[in-house]
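Everything below concerns the one structure shown next.
Positions are given from 1, in the same order as the sequence printed here.
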Amino acid sequence: SFWLRAPRCLPNHVCQIMNRLRLPLLLLAIFALSSASLNSIKLVGYFDADAQLESPIESINQKMFTHIVLVNALKVDSQGVLYLRPKAHPEELTTEEVIKQVADGPAQLVLSLRGYMDDVAFDELAEDDIARTAFARNMATQLSDWNASGLEVEWHAGDPAGGKVAGSPFDSMEQFHYALLCRDLAVALRAAGSKTLSVAVHPGMQEFWDSTFVQQYLNWVTVGAYSMRSLADPHHSSLKDMSLALEEWTSLGVPRRQLVLAVPLFGHEGMGALSSAASNRSNKRMPWRQMLAKGRALRGHPPDQDDTFVDEATGKVWSACGPAMMRVKVQHVYTGGYGGLAFRELNQDVGLGDTGTSLVGAAFLEVERFQRESRTTRQPWSLLQHGIKFTRTESVPKLPEL
């Protein structure tokens, strides 16, 4: 480049000045790249269309997020036909009205896609070449019409009706079909104006076998690091769960910048020695706002361990990702160079007026703190180290044909 090597046609004194500026300019470039990487962290809020009466879109501070993912609003059948969520109550908005409200806001709108009537529809759609390619083109057109910035596919491989229990990982044929679907969607979305394609995944499900494919066709992967309970770690969303869920993808070779950590905004019944096996197997959840609403009935641990609560009326123990644990997760994501954080689902957090107890608010303030610190002046050697840490790039091997 021009500033790295002065052309010989310039006078000698100009060349000498240019040569002396090489290192300072290089350090400034590294700092700029690292700062851009730090400040481009995604903050993704999941808005549940089913919960719009208890938590309307107006109650969400969209300025806090880079993206809003609308869930339980859009499904597709095995033929590629889209289904919009019908109104369940006269006071609800239609799906297209909710889409317009979010699309008109400051955050980028991403639509979550599930299968109709269940996710087996994805498998059947993907193996039909004609239906799959037509659906990808139609989906791209529809996103443009809705002014949405992207699509997120959430495919669960369980098929109880077909003999495959819920929570089962993807088999090799399902992996192949998932790759075909994502490939065609990615090509169509990019052609429609650089629309994004992301996927929501869950630990141990083995959705993809190849990191090269992920890097080539997906903008990011939202990793749901929760509901990973075991006897050794009964908390439903512990720091250990976070590390294991992210390592599953980094060990595959997926760059950290493509991984968005999903954190739950709900508590789960059962924790530690007081929790029973039946409770561990249950799917009983309590939104964070309800846990706080119980007030004195819930007894929390000290501020640095605010992840378990006891319901004094019943003796039940609840585990939750409280504000302190949320801040630790933000620190892990931010300093580790990961792509961002996702909050599931926003209706389970407290409202706008309760910023002191909001989990999203705690995370947002912690991100702001890191961003302020990243803008402070550093010594050149520290800048160089910091830049190398966050601007190194992984080589992407050639994608094999599917």
Main-chain N/O of Gln52 paired with Ser55 side-chain donor or acceptor, under 3.5 Å
no
Could you give me the CA-CA distance, side-chain angles and deciding distance for Arg369 and Glu366, then say whether salt bridge (Lys or Arg N to Asp or Glu O under 4.0 Å) is met?
CA-CA 5 Å; Arg369 182 178 72 84; Glu366 190 71 358; 2.8 Å; yes
Any side-chain to backbone donor/acceptor pair from Arg327 onto Ala362? Under 3.5 Å, distance only.
no
Is any side-chain heavy atom of Met64 closer than 4.5 Å to one of Leu43?
no
Side chain Arg289, main chain Val350, donor-acceptor under 3.5 Å
no
Report the distance from atom CG of Leu259 to atom CG of Leu252, rounding to the nearest 0.5 Å.
10.0 Å
As a quick check of understanding, evaluate side-chain contact (heavy atoms from CB on, under 4.5 Å) for Val254 and Phe208, giving each step before the final call.
CA-CA 11 Å; Val254 178; Phe208 301 99; over 6 Å; no
Is the backbone of Ser238 close enough, under 3.5 Å, to the side chain of Asp241 for a donor and an acceptor to pair up by distance?
yes
Among residues at least two apart in sequence or on other chains, which ones pass side-chain contact (heavy atoms from CB on, under 4.5 Å) with Asp145?
Thr141, Gln142
Do Tyr178 and Phe122 pass the ring pair (Phe, Tyr, Trp, His ring centres under 6.0 Å) test, and can you show the C-alpha distance, the side-chain angles, and the key distance before you say yes or no?
CA-CA 8 Å; Tyr178 206 170; Phe122 283 133; 7.2 Å; no
Hey, is NZ on Lys100 packed in by over 12 heavy atoms from elsewhere, all under 6.0 Å?
no
Is the closest side-chain heavy-atom distance between Gln175 and Glu207 below 4.5 Å?
no
For the student: nearest non-hydrogen atoms of Tyr217 and Leu197, plus distance
O-CD2, 4.0 Å
Backbone of Ala131 reached by a side-chain donor or acceptor of Gln79 within 3.5 Å:
no
So, do Tyr116 and Val81 sit near enough that their side-chain heavy atoms are less than 4.5 Å apart?
no
Any chance you could measure Gln62, atom CD, to Gln101, atom CD, to the nearest 0.5 Å?
8.5 Å
Taking only residues at least two apart or on different chains, which pairs with a member in residues 42-52 satisfy salt bridge (Lys or Arg N to Asp or Glu O under 4.0 Å)?
Asp50-Arg85
Could you report the tightest heavy-atom contact between Arg344 and Val71, atom names first, then the distance?
NH2-CG1, 4.1 Å
After noting the C-alpha distance and the side-chain angles of His268 and Tyr226, does the key distance pass the ring pair (Phe, Tyr, Trp, His ring centres under 6.0 Å) rule?
CA-CA 10 Å; His268 200 294; Tyr226 51 87; over 10 Å; no
Is it true that atom CD of Glu97 has more than 12 heavy atoms of other residues, nucleotides or ligands lying nearer than 6.0 Å?
yes
Are the side chain of Asp119 and the backbone of Ala157 linked by a donor-acceptor contact shorter than 3.5 Å?
no
Asp349 side chain vs Leu359 backbone, donor-acceptor pair below 3.5 Å
yes
Which heavy-atom pair separates Ile41 from Gly340 by the least distance, and what is that distance?
CG1-CA, 3.4 Å
Pairwise side-chain contact, Glu174 with Gln206, heavy-atom cut-off 4.5 Å (strictly under)
no
Val263 side chain reached by Leu341 side chain, heavy atoms, under 4.5 Å:
yes
What is the distance from atom CG of Asp123 to atom CG of Leu181, rounded to the nearest 0.5 Å?
10.0 Å
With sequence neighbours excluded, residues passing salt bridge (charged side-chain N to carboxylate O under 4.0 Å, His left out) with Lys87
none
Kindly say whether the aromatic ring centers of Trp155 and His177 come within a distance under 6.0 Å.
no
Taking all non-hydrogen atoms of both residues, which atom of Gln348 and which atom of Leu265 are closest, and how far apart?
CB-O, 3.2 Å
Is it the case that the side chain of Thr66 and the backbone of Val44 share a donor-acceptor pair, with hydrogens and angles ignored and the cut-off at 3.5 Å?
no
Is any side-chain heavy atom of Lys195 closer than 4.5 Å to one of Ser144?
yes
Are Val367 and Tyr334 packed together at the side-chain level, in the sense that at least one heavy-atom pair is separated by less than 4.5 angstrom?
yes
Side chains of Leu74 and Leu84: closer than 4.5 Å at any heavy-atom pair?
yes
Nearest heavy-atom approach of Val69 to Ser112 is CG1-CB, 3.9 Å
Give me the ring orientation class for Phe213 and Trp209: parallel if the planes are under 30° apart, tilted from 30 to 60°, perpendicular past 60°.
parallel
Tell me whether Thr133 contacts the main-chain N or O of Asp129 through its side chain, where contact means a donor paired with an acceptor under 3.5 Å.
yes
What is the minimum heavy-atom distance between Cys321 and Met326, and which atoms define it?
SG-N, 3.9 Å
Would you say the side-chain atoms of His89 pair up with the backbone N or O of Glu91, donor to acceptor, closer than 3.5 Å?
yes
